[in-house]
Visitor: 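Sharing a structure here in structure tokens format.
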Number of protein chains: 2
Amino acid sequence: MPHHLKSTDQLPIGQVAERSGVTISAIHFYEREGLIFSTRNAGNHRQFSRDVLRRLAFIRASQRVGIPLANIKEALDELPLKRTPKEADWAKVGKQWHKVLSAQIEYLVRVRDDLSTCIGCGCLSFQRCQLVNPDDAMSTEGPGARRLQPGTPRPDRT
Amino acid sequence: MPHHLKSTDQLPIGQVAERSGVTISAIHFYEREGLIFSTRNAGNHRQFSRDVLRRLAFIRASQRVGIPLANIKEALDELPLKRTPKEADWAKVGKQWHKVLSAQIEYLVRVRDDLSTCIGCGCLSFQRCQLVNPDDAMSTEGPGARRLQPGTPRPDRT
DNA sequence: ACTTGACCTCAACTTAGGTTGAGGTGCTTT
DNA sequence: AAAGCACCTCAACCTAAGTTGAGGTCAAGT
């Protein structure tokens, strides 16, 4: 039996990558960024506890709905680090997302409906439409790609 | 009357920026990327026709729902360039978005509901959940920030 | 003894969507 | 004539979320 397939509750990075579908380089990156953690074995190889798979799943799921890593980290920071997180812990973390998602869904629905009525009707050229004048929520900030961010303020545009 | 406030149907970039809420540098950028167009006056200053305001509104609205500029450009390329686009032209453009948005809304709703049931129930650790195993739509690709992209294939993860 | 495989580090590169700054033009107003 | 303003170009920089590659370690198999 090769050493990287030993059946302990610790997984080597290759196994984690394979089981989670996350590349090794991304796992390194998430660890650097403090979203996941590992210990090292004698040969300085990372050993991941099994619940890293859940964390990775949570990270990927959250990303797929547009939440930036920084916010995902904040959410994960709520998880107990000393013991393996239980259902209740994950549920608490998920709760925050529920609100964010609901807001985003609501926003998308409004935009979709505006696209049917508002663009067609011509108000897109003026300052009335929700679409055009989105001073309410989900705004942009700074340089770089825009994403769904849980409650950030708007920058000035002068 | 200052020269930059002349009442023609051509707008200088400062006016466009002010009326649209888009920074001058972003307008430059959009023009470089071919999303908007201008002519030049005697002093080499950009002159924008009034319907650039609609284009900008469309660009911003589309960005706010997560559509990348490249796709927005594709959509805008459908607009007539010779004449000022009319309602019907915009409606056609908006139609494509409607589908994209509906798909995304559906996806978000599913994730939101999964977050209530699925994370709590523990299946997040295994390969069953929609959340965890999103092989159906809306996937990630390449380096850089991830966004909502109308129909792109998945990369290999080897 | 040597190659293979899994892993390590660190630095540099990538894409998207811009921003920032340096240096220049040309009109108007003082 | 000097200052101010609106604009121009071009190059460099920025963030996010990683990827890529060079060079190195360590254990197992041939």
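Every chain is numbered from 1, with letters handed out A, B, ... down the list of sequences.
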Visitor: Please check this pair: side chain of B/Arg55 against backbone of B/Leu35, looking for a donor-acceptor N/O pair closer than 3.5 Å.
Guide: yes
Visitor: Kindly say if B/Arg60 contacts the phosphate of C/dG18, meaning a side-chain N or O under 4.0 Å from OP1 or OP2.
Guide: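 For B/Arg60, the contact criterion (side-chain N or O under 4.0 Å from OP1 or OP2 of C/dG18) is met.
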Visitor: If you look at every strand shown and take non-hydrogen atoms under 4.0 Å, does A/Gly43 touch a base, only sugar-phosphate, or nothing?
Guide: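 A/Gly43: no heavy atom of the nucleic acid under 4.0 Å.
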Visitor: Can you tell me the distance, in whole Å, between the CG atom of B/Asn71 and the P atom of C/dT15?
Guide: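 Checked: the CG to P distance equals 16 Å.
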Visitor: Quick check: do B/Arg40 and B/Arg46 have side-chain heavy atoms less than 4.5 Å from each other?
Guide: yes
Visitor: Tell me which of A/Ile59 and B/Arg46 sits closer to the 5' end of DNA chain D, going by the nucleotide each one is nearest to.
Guide: B/Arg46
Visitor: In residues 25-34 of chain B, which ones come under 4.0 Å of DNA chain C, going by heavy atoms?
Guide: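 Correct list: B/Ser25, B/Ala26, B/Phe29, B/Tyr30.
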Visitor: Calculate the interatomic distance between A/Asn41 atom CG and D/dT25 atom P; express it in whole Å.
Guide: 17 Å
Visitor: Would you please confirm or rule out a distance under 4.0 Å between OP1 or OP2 of D/dG18 and any side-chain N or O of A/Thr23?
Guide: no
Visitor: Between A/Arg112 and B/Ser102 (side chain of the first, backbone of the second, donor and acceptor by atom type, cut-off under 3.5 Å), is there such a pair?
Guide: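 Not at all, since once roles are kept as given, no pair shorter than 3.5 Å links the two residues.
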Visitor: Indicate whether OP1 or OP2 belonging to C/dA16 is found under 4.0 Å from a side-chain N or O atom of B/Gln63.
Guide: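 So the side chain of B/Gln63 is outside the cut-off, no N or O lying under 4.0 Å from OP1 or OP2 of C/dA16.
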Visitor: Decide side-chain contact (heavy atoms from CB on, under 4.5 Å) for B/Gln104 and A/Gln104; before the verdict, give the C-alpha distance in whole Å, the side-chain angles of both, and the deciding distance to 0.1 Å.
Guide: CA-CA 10 Å; B/Gln104 178 69 354; A/Gln104 178 68 355; 5.9 Å; no
Visitor: Which nucleotide, D/dA17, C/dC7, D/dC7, lies nearest any side-chain atom of A/Pro12?
Guide: C/dC7
Visitor: Using whole Å, report how far NE2 of A/His45 lies from P of C/dA6.
Guide: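 Nearest whole value for this atom pair: 11 Å.
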Visitor: Return the value, rounded to whole Å, for the distance between atom NZ of A/Lys73 and atom C1' of D/dT15.
Guide: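 After rounding, the gap between these two atoms is 18 Å.
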Visitor: What is the distance, rounded to the nearest whole Å, between atom CG of A/Asn44 and atom P of C/dC7?
Guide: 13 Å
Visitor: Could you state the atom-to-atom distance from CD of B/Gln47 to C1' of D/dC8 in whole Å?
Guide: 13 Å
Visitor: Going by the rule side chain to side chain contact (heavy atoms under 4.5 Å, CB included), which residues pair with B/Ser49 if we only count those two or more places apart in sequence or in a different chain?
Guide: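 If we apply the side chain to side chain contact (heavy atoms under 4.5 Å, CB included) test to B/Ser49, skipping adjacent residues, the hits are B/Gln10, B/Asp51.
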Visitor: Are A/Leu11 and A/Leu53 side-chain neighbours, meaning at least one heavy-atom pair lies under 4.5 Å?
Guide: yes
Visitor: The helix from C/dA1-D/dT30 to C/dT30-D/dA1: angle between its terminal axes, five pairs each, to 10°?
Guide: 40°
Visitor: Side chain to side chain contact (heavy atoms under 4.5 Å, CB included) with B/Phe48: which of B/Leu56, B/Ile27, B/Thr39?
Guide: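 Single pass found, and it is B/Ile27.
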Visitor: Whole-Å distance between D/dA6 C1' and B/Phe48 CZ?
Guide: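 That distance rounds to 14 Å.
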Visitor: Please evaluate residues B/Ile36 and B/Ile59 with respect to the criterion side-chain contact (heavy atoms from CB on, under 4.5 Å), reporting the C-alpha separation (whole Å), side-chain torsions for both, the decisive distance (0.1 Å), and the verdict.
Guide: CA-CA 10 Å; B/Ile36 57 174; B/Ile59 292 168; 4.1 Å; yes
Visitor: Just how far, in rounded Å, is P of C/dT19 from CD1 of B/Ile13?
Guide: 12 Å
Visitor: So how far is it from A/Tyr30 OH to A/Leu76 CG, rounded to the nearest 0.5 Å?
Guide: 11.0 Å
Visitor: Which pair of non-hydrogen atoms, one from B/Asn71 and one from B/Trp97, has the smallest distance, and what is that distance?
Guide: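 Here B/Asn71 and B/Trp97 meet closest at O-CH2, 3.6 Å.
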Visitor: Quick one: which of D/dC7, C/dG17, C/dC7 gets closest to the side chain of A/Ile24?
Guide: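 Selected nucleotide: C/dC7.
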